[in-house]
Every structure is written in structure tokens, then in C-alpha cells.
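Predicted model only: the values in this text are computed from it and were never measured. Position 1 is the first residue of the sequence, and the numbers go up from there. Remember, it's 1-based here, ligands and their atoms both numbered in the order they're listed.
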Amino acid sequence: MSDRKTAVITGASSGIGAVYAQRLAAQGYDLLLVARRADRLADLGARLEAEFGISVQRWIGDLADPADLARLERRLEEEPVAMLVNNAGAGGLGPTATTGADAQEALIRLNVIALTRLSIAALAGFRKAGTGTLVNIASVIAFGPSAGGASYSGSKAFVLNFTRSLQMEYADSDIRIQAVLPGPIRTEFFTSQGLSDSVFPDTAYLSAEELVDAALSGLEQGEKVTIPSLGSPAIWDAIEASRQAFFKDVLGGQVAERYKGG
Ligand SMILES: NC(=O)c1ccc[n+]([C@@H]2O[C@H](COP(=O)([O-])OP(=O)(O)OC[C@H]3O[C@@H](n4cnc5c(N)ncnc54)[C@H](OP(=O)(O)O)[C@@H]3O)[C@@H](O)[C@H]2O)c1
């Protein structure tokens, strides 16, 4: 058996995923690149093979389509990998009243169902190998309800809680699991979905390179949740402290005074 390690990156045809592909190729990983746009993956794969002497395979398909997704899950089961970066994701939809249920469901299929099923398929291989790395790309919007982004915000809150729960399940193993929460990143993410390129002030954006390099640094440092643009770690500590205080309070077994006496 070859001792080469393979990393799977979903959504590798542009933006953050394409940078993960470049950086992991530079680390010597062979790659399985996943997306719908075959031409983009062919160009990227050829470039990385030539530059880094690695082997690149391509998986072309729609992760929001159950049959395509099942095909990739089978692939992960049959040919276990060392690392999975669940990066493919879609966002900008608009108000639920105008976009409708089908569009919201398609987003949830990609951002939630595909990420969940692929995580579970990869973790089965990691358990057998006793090691492996799972990186799930969430978003800072996991903390922010968003008019016009209801399913997007909800999907990223799912990714964060799902990933953190997996970390608890695998706490006593050598399997690394990281949630990455980007803020605004300059990619095709906004324009490809018909949104303005200036949703946020120019100064709010990081490049995809800055984001991925910081995320990989966080992974090496053993971080479980990496938020590259969060300047003050004290803010995260305060969120965690409030979360613990919240659970201490809600598990008191009492109805709050303000709801008593009609
Ligand atoms: N950019 C930001 O500001 C930002 C902020 C927070 C979080 N994020 C998250 O970062 C991740 C990557 O986004 P990005 O900024 O790099 O955007 P991007 O450049 O638009 O990349 C999205 C990637 O997902 C793939 N993809 C989309 N729908 C797919 C489908 N149905 N099946 C398979 N692949 C699909 C796209 O490939 P094909 O079109 O070729 O299929 C593309 O490679 C997403 O999860 C996003 O939610 C981005």
C-alpha cells in the first residue's frame, strides 16, 4: 500500500477551496478535487501536478444532488483518505417569501446534508486508520441571524454545532476536527450568486490566501474553532463563558419568575 496521503477538498474549483488545494499540494498531499465545473478542476489539477509532483484526481458532480452525493460517499468508503475539507457551500438567496422552499432546500442539501454525510463517511475511514483530519468551513454568520440569509445563517450555525459536537465525540482519539469561521472573503461567492461585490466595506474582506493560511496555522496549533479575522481572543472566551453560564442557568429546574402568576 502506498504511504502517500490523500486530501479531499469540496468546492475546489474556486475561492477558498482552490487555495486549500494549492496549500495542501505544497504540503505533499495527493488530492481529490470536488466540484461541478470540470474545466476549472482540470486546469487546477494539471497546474498542481506539474508544480508539486503530486497526483490529482477529480470528482465532478453536484453535492446537492442525492445520487451524486452517494457516489462520493461510496468513493470515500472504498478509498479512505487522510483529510477532508468540507468547503463547498452556497449562500445568497434572498427573502424566503420570494426565493421559495425549493431554493432553500437546495442550499440546505449542499451546506448541511452533504457536509454531514461526507463527514460521517470520512470519519469511518479515520477510525479504521486511527488518524485523520476533518476541516469544516462554517462562517461567522453562524452567530448572526440574517434577513435574506435565513437558511445560509442557519446552515452555518449547524456546521459549527455539528463540528463541535463531533469534536466531543472524538476527543479521546488522534482524529483532528476543526471548524473554520471565515468573515467576508474576496472570492466569487458573492458575484456568482447575483450579489454585489460590495456587500461589506472593502476593509472588511480578507483574501482567500490569508484565510486559508490562518486556518492551516490554527489547525497546526490544535485549535478546534478558528476565526481568522477575530482580533481579540478575549471575545471568544467571553462567548464561551456566556454559553457555560447559559447552560448553568437553564438547567436550574425552575420556571423563571417573570412567567409566574399570569
Ligand atoms: N466568501 C466569503 O465571504 C465566505 C464567508 C464565510 C464562509 N464562506 C464559505 O466558504 C466556502 C467556500 O466559499 P468561497 O468563498 O470560496 O466561494 P466560491 O468561490 O463561490 O466557491 C464555492 C465552491 O463551492 C462549489 N460548489 C457550489 N455549489 C456546489 C454544488 N452544488 N456541488 C458541488 N460543489 C459546489 C463551487 O464549485 P462549482 O460551482 O464548480 O460546483 C466552488 O468551488 C463556502 O462554504 C462558504 O459558505 C465564504
Flag side-chain contact, heavy atom, 4.5 Å: Leu32 against Arg75 |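 They are in contact (side-chain heavy atoms under 4.5 Å apart), so the answer is yes.
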
Presence of salt bridge, Arg71 and Asp62, under 4.0 angstrom |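 Salt bridge: no.
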
Quick one: do Glu220 and Arg176 make a salt bridge, cutoff under 4.0 Å?
->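 Salt bridge flag = yes for Arg176 with Glu220.
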
Cut-off 3.5 Å, side chains only: do Thr96 and Gln104 have a donor facing an acceptor?
->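 Absent: no donor and acceptor within the cut-off.
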
Under 3.5 Å donor-acceptor, Lys156 side chain and Ile137 backbone |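 It does hold such a pair.
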
Who are the residue neighbours of ligand 1 when the rule is a heavy atom under 4.0 Å from any of its atoms?
->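 Residues near ligand 1: Gly11, Ala12, Ser13, Ser14, Gly15, Ile16, Ala35, Arg36, Arg37, Gly61, Asp62, Leu63, Ala64, Asn87, Ala88, Gly89, Leu110, Ile137, Ala138, Ser139, Tyr152, Lys156, Pro182, Gly183, Pro184, Ile185, Thr187, Glu188, Phe189, Phe190.
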
How would you list, by chain and number, every residue that makes a salt bridge (Lys or Arg N to Asp or Glu O under 4.0 Å) with Glu78, sequence neighbours excluded?
->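 Testing Glu78 for salt bridge (Lys or Arg N to Asp or Glu O under 4.0 Å), a comparison that skips the adjacent residues, returns none.
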
